[in-house]
Amino acid sequence: MQTDIDFQQFKKSVYEIVSQIPKGRVLTYGDIARLAGRPNHARFVGHLMGTVSHSRHLPCYRVVNAKGRLAPQWPKQKELLAAEGVKSTVDKQGRITLDLRCYRWQVFSNHPF
DNA sequence: AAATTGACGGTTA
DNA sequence: GTAACCGCCAATT
């Protein structure tokens, strides 16, 4: 049963995990949701990143979606990542993408490749 | 209280 | 490779 207490705990875990992403590495929203024990909350992780980016200082710019895309409407994210050596490209539609195979933080040591 | 929204993800076309 | 669709679920309207 998902009590409010559980949910606060989940949020706390999310912050903890994001704060531990190494410089020059990234995680996906889904990765963080799974690590925090709520595999179905990837969407809410994104919501959290948006709401805390102004209040807390977490490296939320190191979080991207499952395809390696950066957050829309946040040009700054590309610069912040580039400053750590993380390269990304912009396509015709303005979507910014990085290569997860290069930069994803391998917290799941049992993950293939 | 009901419907819509979204920094998501996986499947399907 | 892309786009559309669906399941997800707290937050917002």
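Numbers restart at 1 for each chain; the letters A, B, ... are given by sequence-line order, proteins then strands.
Side chain Arg43(A) to base dC8(C): a donor-acceptor pair is found below 3.5 Å.
You'll find the side chain of Leu81(A) stays beyond 4.5 Å of the side chain of Ser88(A), heavy atoms only. Taking the side chain as every heavy atom from C-beta outward, Ile32(A) and Val63(A) approach each other to under 4.5 Å.
As a whole-Å value, the separation of Phe10(A) CZ from dA10(C) P is 10 Å. Separating the NE2 atom of His47(A) from the C1' atom of dA11(C) is a distance of 5 Å, rounded to the nearest angstrom. The CG atom of Asp91(A) sits 7 Å away from the P atom of dT2(C) (whole-angstrom rounding). Asn65(A) has its CG atom 12 Å from the P atom of dT2(C), to the nearest Å. Atom CG of Leu100(A) and atom P of dG9(B) are 10 Å apart (whole Å). Across the protein-nucleic acid pair, Lys67(A) atom NZ and dG10(B) atom P stand 8 Å apart, rounded to whole Å. Separating the CD atom of Gln8(A) from the P atom of dA10(C) is a distance of 12 Å, rounded to the nearest angstrom. Rounded to whole Å, atom C1' of dT12(C) lies 12 Å from atom CZ of Phe44(A).
Here the side chain of Glu84(A) pairs no donor or acceptor atom with the backbone of Arg25(A) at under 3.5 angstrom.
Residue Asn40(A) places at least one side-chain N or O closer than 4.0 Å to OP1 or OP2 of dC9(C). Phosphate proximity of dA3(C) to Arg95(A): present, with a side-chain N or O under 4.0 Å from OP1 or OP2.
Distances from the side chain of Arg69(A) to the nucleotides dG10(B), dT2(C), dA11(C) place dT2(C) closest. The side chain of Gln93(A) lies closest to dA3(C) when the candidates are dA3(C), dA7(B), dA11(C). Taking every side-chain heavy atom of Ala71(A) into account, dA7(B) is the closest of dG10(B), dA7(B), dA11(C).
A chain of hydrophobic side-chain contacts below 4.5 Å, direct or via other Ile, Leu, Val, Met, Phe, Trp or Tyr residues, connects Val14(A) to Trp105(A). Connection of Val26(A) to Val107(A) is not established within any shared hydrophobic cluster, with ILVMFWY side chains joined at heavy-atom distances below 4.5 Å, either directly or through further cluster members.
Residue contacts shown for Ala42(A) are limited to sugar-phosphate atoms, with no base heavy atom under 4.0 Å away.
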